[in-house]
Amino acid sequence: MCGIVGAVAQRNVVPILLQGLQRLEYRGYDSAGLVVVNNNRLECIRSNGRVAELATRSAETSGHIGIAHTRWATHGVPSERNAHPHLSGERIAVVHNGIIENYEELRILLAAEGYVFKSDTDSEVIAHLIHSHYARGNSLLDATQTALAELVGAYAIGVVAADNPDQLICARKGSPLLLGVGVKEHFIASDMSALLQVTQKVVYLEEGDVAEVGLLDYRIFDASGKVVERPVHTSELNNESVELGEYRHYMQKEIHEQPQALANTLEAVCNSQSLIPGIFGAEAASTFAQVDSILILACGTSNHAGLVARFWLEEIAGIPCSVEIASEYRYRVSVPNPKTLVVTISQSGETADTLAALNHAKACGHLHTLAICNVPESAIIRQSKLRMLTRAGPEIGVASTKAFTTQLAALFLLTLVLAKQRGKLSAEQEQKHLHELRHLPSAAQAVLKLEPSIAQMAEHFVDKRHALFLGRGLHYPIALEGALKLKEISYIHAEAYPAGELKHGPLALVDKDMPVIAVAPNDTLLEKLKSNLQEVRARGGELYVVADAGTRFQSSEGVHLMQMPEHAGYLSPILHVIPLQLLAYYVALQKGTDVDKPRNLAKSVTVE
Ligand code: F6R
């Protein structure tokens, strides 16, 4: 989704802006642009393409203050005309993430004032609105604050003015924005990865904040306009964590980082002899004591993690659990139960639908909220009472991999903590689970050894147009996740079904051209799954089976095996998804798609 970078410095900021934009490329974009103030003039360059092209076109540009943007089209096609920054006259330039809902009304009002619109975007109204207040003699800060009060919708913005070369104004409401603090220089960005080359000191702006950013200092105003102090954090990210290193794509790197990411996420419990609720926050024990059910809200891959967790929570902790797609829940009239623990799951912590679902749940009277999230200080973390950070490190590939497996690890911990508190876990069972969790990173490492054989298997998929994924029980959500991975990066249409559903319709699709990928752990549903797979073979369907130790599957004509080294019991979904991630990766690689930035998708979906 759109990305913002801005800088005020004594040095030329153009290289900083461009490097920042490159770091934000992973969010997904279709055009890019930047503006600097130079000799009281705005120098603006836009490109309907990659940041590399913008860099070539900006070679002669320099300035000490500037803002830059990568755009992911919402209103108006991807084009140079619709790329940001948007200018009002020669005086005001704005970059914007989010969606302005009342832009049509504002457009009419501004057109009546004589403003001429050059783009089809909702964002351009912000530039003209600020200009119209600035032209009446207000300071840039006042003009921006007044304009923001007239906007309905979500925004993170950066603003500069040609005749104000020492100051940039920024603001956030509903879209992420942070401030980077350097030595006699300051920066703004949508996420910290954009600033790692210049600083690790970061101030997270809160909802409704507006900041006036200069060379030597900055002032932050909260939603009521009062000057506020926000803490300066030192980011744990470093350049290495966002660089590709020896890998061909971020997705491949992130698949390989899973053993370490799991170890980091589980560190606190694995180094301890028993499970404590405190890993979810100081008030976790008292909150958990009050809840009688769980409601999980999330989108996409994070929703799949929730679907796995439902099995664990009901079976191990004996607590009723429902899982809803956040974008559906937020608009649904539901019956709230104040004793429900509302759990949001999100890699980014900024997904607009998940955030809105959380706020909807709170507005319905839900008091107990827990966020499982990979980004510290993200909106979802800040707006939840309890939280657990997955420690996957930055996930840059659009297709989520290590965030998913670490979410599952966190959700398994939640299950165990609740089970223990509800008297459903004996001391012996607790030790057994802890032992298995300690082993999980090395079990994940062993699964990665399947990579060369999966790379070969992927060749069978290159010419396919459709694929079917099957799983049962705990592993049906893994089939869903496998299908999502394949479709989003290889563009092969893929669907997942609980294997028992096959004969109720989808079996009609099975023929020799329909590869069927089955997740086949050695669990109680194995024999039933085997019967389902026979039904596929009998119709000539080619089978690809992710089987683990003890399942007695064998490769044969039309049956291709991905043999997992061991069976991991309840933790099996965390391991079984890894071959499916690798399969999707290698199919996409062989199809030559843009693996890390698949078409039409964005990493952090900060608009509805
Ligand atoms: C798929 C994927 C998306 C995200 C979804 C939610 O690979 O990455 O489906 O899972 O957009 O994002 P977060 O987890 O950031 O809330």
Side-chain angles (χ1 to χ4, degrees), residues 1 26-28 72 174-176 190-191 193 249-252 254-255 258 261 265 296-309 323-330 343-359 370-384 387-390 392-408 410-411 469 477-478 480-491 494 496 577-578 580-585 587-588 593-608:
M1 211 111 292
Y26 79 96
R27 294 168 72 93
W72 187 82
S175 293
S190 300
D191 73 53
S193 60
H249 293 98
Y250 281 104
M251 183 179 179
Q252 187 192 25
E254 287 155 11
I255 291 173
Q258 290 181 106
T265 302
I296 296 179
L297 302 171
C299 301
T301 288
S302 298
N303 178 62
H304 297 159
L307 291 171
V308 173
V323 185
E324 289 209 41
I325 292 175
S327 56
E328 288 292 310
Y329 172 79
R330 63 181 289 192
V343 180
T344 48
I345 308 171
S346 175
Q347 188 286 126
S348 61
E350 304 286 349
T351 300
D353 284 321
T354 310
L355 198 52
L358 170 63
N359 289 325
L370 162 68
I372 291 179
C373 182
N374 197 37
V375 179
E377 300 297 329
S378 58
I380 286 173
I381 284 276
R382 281 203 303 261
Q383 292 177 32
S384 302
R387 74 270 314 259
M388 175 163 179
L389 270 183
T390 48
E395 191 179 66
I396 291 176
V398 161
S400 188
T401 52
K402 60 179 180 170
F404 178 66
T405 42
T406 53
Q407 286 166 352
L408 288 176
L411 288 159
F469 284 71
I478 296 305
L480 285 169
E481 177 59 10
L484 179 60
K485 288 290 89 93
L486 188 68
K487 72 183 115 181
E488 68 184 325
I489 60 168
S490 76
Y491 316 147
V577 75
I578 297 174
L580 302 185
Q581 297 167 342
L582 286 167
L583 181 67
Y585 173 72
V587 175
T593 61
D594 192 346
V595 174
D596 285 331
K597 297 187 278 289
R599 67 184 182 204
N600 307 339
L601 298 182
K603 181 68 186 162
S604 188
V605 187
T606 52
V607 298
E608 220 189 302

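Order of appearance sets the numbers: ligands from 1, and atoms from 1 within every ligand. For clarity, every value in this text was computed on a predicted model and none was experimentally measured. Because only heavy atoms are used, hydrogens play no part in the values below, and waters and symmetry mates are left out as well, while side chains stay in.
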Would you indicate whether the side-chain heavy atoms of Tyr585 and Thr401 approach each other to under 4.5 Å?
no
Give every pair formed by an N or O atom of ligand 1 and a protein N or O atom closer than 3.5 Å, one pair per line with both atom names and the distance to 0.1 Å, or write none.
{"unit_1": "ligand 1", "atom_1": "7 (O)", "unit_2": "Thr301", "atom_2": "OG1", "d": "3.3"}
{"unit_1": "ligand 1", "atom_1": "7 (O)", "unit_2": "Ser400", "atom_2": "N", "d": "2.9"}
{"unit_1": "ligand 1", "atom_1": "7 (O)", "unit_2": "Lys485", "atom_2": "NZ", "d": "3.0"}
{"unit_1": "ligand 1", "atom_1": "7 (O)", "unit_2": "Glu488", "atom_2": "OE1", "d": "3.2"}
{"unit_1": "ligand 1", "atom_1": "7 (O)", "unit_2": "Glu488", "atom_2": "OE2", "d": "2.5"}
{"unit_1": "ligand 1", "atom_1": "8 (O)", "unit_2": "Val398", "atom_2": "O", "d": "3.3"}
{"unit_1": "ligand 1", "atom_1": "9 (O)", "unit_2": "Thr301", "atom_2": "N", "d": "3.2"}
{"unit_1": "ligand 1", "atom_1": "10 (O)", "unit_2": "Thr301", "atom_2": "N", "d": "3.1"}
{"unit_1": "ligand 1", "atom_1": "12 (O)", "unit_2": "Thr351", "atom_2": "OG1", "d": "3.4"}
{"unit_1": "ligand 1", "atom_1": "14 (O)", "unit_2": "Ser302", "atom_2": "OG", "d": "2.6"}
{"unit_1": "ligand 1", "atom_1": "14 (O)", "unit_2": "Gln347", "atom_2": "N", "d": "2.6"}
{"unit_1": "ligand 1", "atom_1": "15 (O)", "unit_2": "Ser346", "atom_2": "OG", "d": "3.4"}
{"unit_1": "ligand 1", "atom_1": "15 (O)", "unit_2": "Gln347", "atom_2": "N", "d": "3.4"}
{"unit_1": "ligand 1", "atom_1": "15 (O)", "unit_2": "Ser348", "atom_2": "N", "d": "2.9"}
{"unit_1": "ligand 1", "atom_1": "15 (O)", "unit_2": "Ser348", "atom_2": "OG", "d": "2.7"}
{"unit_1": "ligand 1", "atom_1": "15 (O)", "unit_2": "Thr351", "atom_2": "OG1", "d": "3.3"}
{"unit_1": "ligand 1", "atom_1": "16 (O)", "unit_2": "Ser346", "atom_2": "OG", "d": "2.6"}
{"unit_1": "ligand 1", "atom_1": "16 (O)", "unit_2": "Thr351", "atom_2": "OG1", "d": "2.5"}

Audit row: Thr301, Glu481, side-chain hydrogen bond (donor to acceptor under 3.5 Å, both in side chains) steps and yes/no
CA-CA 6 Å; Thr301 288; Glu481 177 59 10; 3.0 Å; yes
Check: Tyr250 main-chain N/O paired with Asp596 side-chain donor or acceptor under 3.5 Å
yes
So Thr405 and Gln258, side-chain hydrogen bond (donor to acceptor under 3.5 Å, both in side chains) or not? Walk me through it.
CA-CA 7 Å; Thr405 42; Gln258 290 181 106; 2.7 Å; yes
Has Gln407 got a side-chain atom pairing as donor or acceptor with Ala305's backbone, closer than 3.5 angstrom?
no
Decide if atom CD1 of Ile325 counts as having more than 12 heavy atoms of other residues, nucleotides or ligands within a radius under 6.0 Å.
no
